[in-house]
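To start, the structure itself, in structure tokens.
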Amino acid sequence: GAKSVKVVYLTPNVESIADTALTSCPNLEEVIVGENDHISDHGGIILDETKTKILYWNKNSIGERVVVPEGAQSLPNRFLQGNEKIKELILPKSLKTIGENALKLCLNLENVDFGGCEVISKGAFSLSTLKEVDLGDSMKRIEDDAFLKSSVTKIVFPKSMEYMSPSAFKYCDLEVVEYEGAEYAFNFIKYYFVDLKNVKYIYGEDDDTALTKKSKYYKGKNDKSYN
């Protein structure tokens with residue numbers, strides 16, 4: 001049965017693989033791609049013929065630095081969950097979604113380049129050691145428990161943000177929250193961070209703004225005090 005499968009060799013005549021054909025093998029250790037025109041191996045990340053879908057990832061082939069190839073559109077659920085090797089993850093501009101629990105419990109994760117990512121799904125970085133997060137220029141949504149109990153202390157939001165779950169940073173010791181626009185910052189502070197008493201510094205793009213009169217959580221970019 002599927003439990004006994006440890007290695008899969010894809011012969012040249014294999015044109016496609018069903019969504020769960022490989023992920024349903026709990027003890028699978030390696031997928032070997034031969035001279036195949038339809039399926040390709042990119043440093044242990046197996047892509048389909050269109051090079052937009054990740055079919056599988058050889059855990060033993062993935063080291064401290066993981067570069068997801070351009071073209072891939074999403075990270076699968078539980079992509080590297082519990083992986084203790086990865087320290088840096090580089091995502092391409094083509095990638096739009098990070099799947100549920102994709103990097104949960106990655107206990108040596110230090111840096112993520114979010115590329116063109118727009119959505120971070122539930123639990124994606126929960127219980128990880130990622131400390132500083134710059135969400136890039138394209139992020140729109142951060143779902144429930146995305147960074148739950150992670151080591152994040154600093155986060156930078158872009159203007160593109162549209163939604164963030166109130167539990168996205170639950171049980172995190174956030175110290176610095178940075179935004180690309182003062183009015184935008186105020187709206188996020190008002191609705192998402194008003195109860196996070198441990199946040200020390202919150203920056204906005206503009207120093208001279210009426211926002212300083214609206215919220216005690218913002219004092220301008222050059223004034224690093226917090227009340």
Side-chain angles (χ1 to χ4, degrees), residues 22-23 28-31 33 40-48 51-143 145-158 160-161 164 168-180 203:
L22 297 176
T23 56
L28 182 62
E29 296 177 355
E30 185 178 13
V31 174
V33 180
S40 54
D41 185 338
H42 300 261
I45 297 175
I46 313 299
L47 299 181
D48 70 349
K51 291 182 171 57
T52 61
K53 185 176 182 179
I54 297 176
L55 299 172
Y56 191 74
W57 46 101
N58 286 322
K59 298 175 180 62
N60 293 335
S61 300
I62 290 178
E64 293 183 355
R65 188 173 189 265
V66 176
V67 180
V68 177
E70 185 65 42
Q73 295 181 352
S74 65
L75 290 188
N77 295 344
R78 299 177 297 281
F79 176 58
L80 289 176
Q81 179 176 321
N83 186 288
E84 295 184 359
K85 293 181 181 179
I86 184 171
K87 290 185 177 181
E88 183 178 23
L89 175 67
I90 309 297
L91 301 179
K93 290 293 183 181
S94 60
L95 192 133
K96 303 304 178 187
T97 304
I98 297 175
E100 293 186 5
N101 301 319
L103 289 107
K104 179 179 180 179
L105 277 168
C106 287
L107 300 181
N108 288 298
L109 186 63
E110 297 175 355
N111 180 59
V112 175
D113 182 335
F114 285 89
C117 185
E118 297 179 356
V119 179
I120 300 177
S121 301
K122 182 177 180 180
F125 293 93
S126 58
L127 297 164
S128 74
T129 52
L130 189 62
K131 291 184 178 180
E132 295 192 2
V133 176
D134 186 333
L135 294 170
D137 300 323
S138 305
M139 194 64 65
K140 294 181 179 180
R141 296 180 63 89
I142 304 178
E143 303 294 351
D145 304 337
F147 293 87
L148 175 73
K149 293 185 178 180
S150 68
S151 300
V152 174
T153 58
K154 176 182 178 180
I155 185 162
V156 181
F157 290 100
S160 56
M161 282 293 298
M164 184 178 77
F169 292 90
K170 193 173 183 180
Y171 303 125
C172 291
D173 292 326
L174 281 171
E175 295 178 359
V176 180
V177 180
E178 186 174 340
Y179 304 86
E180 285 189 0
Y203 304 104

Worksheet item: side chain to side chain contact (heavy atoms under 4.5 Å, CB included) between Ile155 and Val176: does it pass, once the steps are laid out?
Response: CA-CA 6 Å; Ile155 185 162; Val176 180; over 6 Å; no
Item to complete: Can you establish whether the number of heavy atoms outside Lys85 located under 6.0 Å from its atom NZ is more than 12?
Response: yes
Worksheet item: Is it true that atom NZ of Lys96 has more than 12 heavy atoms of other residues, nucleotides or ligands lying nearer than 6.0 Å?
Response: yes
Item to complete: May I ask you to decide if Glu118's main-chain N or O and Ser138's side chain share a donor-acceptor pair within less than 3.5 Å?
Response: no
Worksheet item: Run the side chain to side chain contact (heavy atoms under 4.5 Å, CB included) check on Ile142 and Met161 step by step: do they pass?
Response: CA-CA 9 Å; Ile142 304 178; Met161 282 293 298; 4.0 Å; yes
Worksheet item: How many angstroms lie between CG in Leu80 and OG in Ser128, if you round to the nearest 0.5 Å?
Response: 12.0 Å
Item to complete: Would you mind reporting whether Leu55 and Val31 have side-chain heavy atoms less than 4.5 Å apart?
Response: no
Worksheet item: Looking at side-chain heavy atoms only, is the closest gap between Leu135 and Val156 below 4.5 Å?
Response: no
Item to complete: Write down the atom of Leu95, the atom of Ser74, and the distance for their closest heavy-atom approach.
Response: CD1-C, 3.8 Å
Discussion item. For a 4.5 angstrom cut-off between non-hydrogen side-chain atoms, does Val68 reach Trp57?
Written reply: no
Worksheet item: What is the distance from atom CG of Asn77 to atom NZ of Lys122, rounded to the nearest 0.5 Å?
Response: 11.5 Å
Discussion item. If you compare all heavy atoms of Ser121 against all heavy atoms of Ile98, which two are closest, and at what distance to 0.1 Å?
Written reply: OG-O, 2.8 Å
Item to complete: Kindly give the heavy-atom pair with the smallest separation between Gly71 and Ser94, and that separation in Å.
Response: N-OG, 2.7 Å
Item to complete: Hey, could you give me the OG1/CG distance between Thr97 and Leu91, rounded to the nearest 0.5 Å?
Response: 11.0 Å
Worksheet item: What pair of heavy atoms forms the shortest contact from Ile120 to Ala124, and how long is it?
Response: CG2-CB, 3.6 Å
Worksheet item: Looking at OG of Ser150 and NZ of Lys131, how far apart are the two atoms once the value is rounded to the nearest 0.5 Å?
Response: 11.5 Å
Item to complete: For Ile46 and Asn58, run side chain to side chain contact (heavy atoms under 4.5 Å, CB included): C-alpha distance rounded to whole Å, both residues' side-chain angles, the deciding distance at 0.1 Å, then the answer.
Response: CA-CA 8 Å; Ile46 313 299; Asn58 286 322; 4.0 Å; yes
Worksheet item: With no hydrogens and no angle check, is any side-chain donor or acceptor of Ser61 less than 3.5 Å from a backbone partner on Gly43?
Response: no
Worksheet item: Would you call Leu127 and Leu148 a side-chain contact if the rule is heavy atoms closer than 4.5 Å?
Response: no
Worksheet entry | Rounded distance [0.5 Å steps], CG in Leu89 versus CD in Glu110 | 13.0 Å
Item to complete: Might you work through the side-chain hydrogen bond (donor to acceptor under 3.5 Å, both in side chains) test for Glu88 and Asn111, ending with a clear yes or no?
Response: CA-CA 5 Å; Glu88 183 178 23; Asn111 180 59; 3.2 Å; yes
Worksheet item: Where the side chain of Glu84 meets the backbone of Leu107, is there a donor-acceptor pair that is under 3.5 Å apart?
Response: no
Response to the item:
Between the NZ atom in Lys59 and the CD atom in Glu29, the distance rounded to the nearest 0.5 Å is 10.0 Å
Fill in: Side-chain donor or acceptor of Thr129 paired with backbone N/O of Leu109 under 3.5 Å
yes
Item to complete: Check for a donor-acceptor pair, side chain of Ser160 on one end and backbone N or O of Met139 on the other, with a separation under 3.5 Å.
Response: yes
Worksheet item: Is there a side-chain contact between Lys51 and Pro69, using heavy atoms and a 4.5 Å cut-off?
Response: no
Fill in: Asp48 (side chain) donor-acceptor with Thr52 (main chain) under 3.5 angstrom
yes
Practice prompt. State, yes or no, whether a side-chain contact exists between Asp134 and Phe114 at a heavy-atom distance under 4.5 Å.
Written response: no
Discussion item. Assess the residue pair Lys93 and Glu70 against the criterion (side chain to side chain contact (heavy atoms under 4.5 Å, CB included)); give the C-alpha distance rounded to whole Å, side-chain angles, the decisive distance to 0.1 Å, and a yes or no.
Written reply: CA-CA 7 Å; Lys93 290 293 183 181; Glu70 185 65 42; 4.1 Å; yes
Discussion item. Tell me every residue that passes ring pair (Phe, Tyr, Trp, His ring centres under 6.0 Å) with Phe147, counting only those two or more places apart in sequence or in another chain.
Written reply: Phe125, Phe169
Worksheet item: If we only count heavy atoms from C-beta on, is the Leu103 to Leu75 side-chain gap below 4.5 Å?
Response: yes
Worksheet item: Between Leu174 and Thr153, is any pair of side-chain heavy atoms under 4.5 Å apart?
Response: no
